[in-house]
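Okay, so here's the structure we're looking at.
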Amino acid sequence: MTTSPDTASTRQAAKLLNVTHPYLISLLDQGVIPSQGVGDERVILVHDLEEYKNRGRQASAAAVDELTRQAQQLDMGY
C-alpha cells in the first residue's frame, strides 16, 4: 500500500502508537480512531493518530492529578 506523508497504513499506525495491529484494528472498528478505506486496505490520517495520542496523554495527566489530589486530602505527604 502506498501512503503519503499525511497518512499511515494500519501496520504503520500500530507501530507509531506502540500497540499491536489487532488492537489498532479494534480501535478503528469501534470508531475511536477514524480511518478511510482504500480498496481492501485502510489508511489513517497521521493527524488523527496524533489526536488519539494526545487524548491518551491528557487522560493520563488527569488521572495523575486526581491521584495527587486524593493523596493530599489523605495527608500522604504528596
What heavy-atom pair brings A8 and A13 nearest, and what distance separates the two atoms?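 Taking A8 first and A13 second, the nearest heavy atoms are CB-N, 4.1 Å.
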Within a reach of under 6.0 Å around CG of N18, are more than 12 heavy atoms found that belong to other residues, nucleotides or ligands?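 It does not: N18 CG has 12 such atoms or fewer within range.
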Do other residues, nucleotides or ligands put more than 12 heavy atoms under 6.0 Å from the CZ atom of R11?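 Check fails, neighbour count at 12 or below.
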Tell me, with the steps shown, if Q12 and V46 meet side-chain contact (heavy atoms from CB on, under 4.5 Å). CA-CA 10 Å; Q12 291 168 326; V46 173; over 6 Å; no
If you measure from CE on M76 to OG1 on T68, what distance do you get to the nearest 0.5 Å?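 M76 CE to T68 OG1: 10.5 Å, rounded to 0.5 Å.
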Roughly how far, to the nearest 0.5 Å, is the OG atom of S26 from the NE2 atom of H21?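 One finds 11.0 Å between NE2 of H21 and OG of S26.
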What residues join I44 in its hydrophobic cluster, counting side-chain heavy atom gaps under 4.5 Å, either direct or through other members?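 Via sub-4.5 Å side-chain contacts, I44 links to L16, L17, V19, Y23, L24, I25, L27, L28, V32, I33, L49, Y52.
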If we check side chain to side chain contact (heavy atoms under 4.5 Å, CB included) with Q36, which of these qualifies: T7, V43, D48?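 Result for side chain to side chain contact (heavy atoms under 4.5 Å, CB included) with Q36: V43.
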Listed partners of E50 passing salt bridge (Lys or Arg N to Asp or Glu O under 4.0 Å), at least two apart: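 With sequence neighbours excluded, E50 shows a salt bridge (Lys or Arg N to Asp or Glu O under 4.0 Å) to K53, given in chain and number order.
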Check whether any side-chain heavy atom of D6 lies under 4.5 Å from a side-chain heavy atom of H47, and answer yes or no.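 When only atoms from C-beta onward are counted, H47 and D6 do not touch, as no gap falls below 4.5 Å.
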Partners meeting side-chain hydrogen bond (donor to acceptor under 3.5 Å, both in side chains) with R69 (sequence neighbours left out):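 Testing R69 for side-chain hydrogen bond (donor to acceptor under 3.5 Å, both in side chains), a comparison that skips the adjacent residues, returns E66, Q73.
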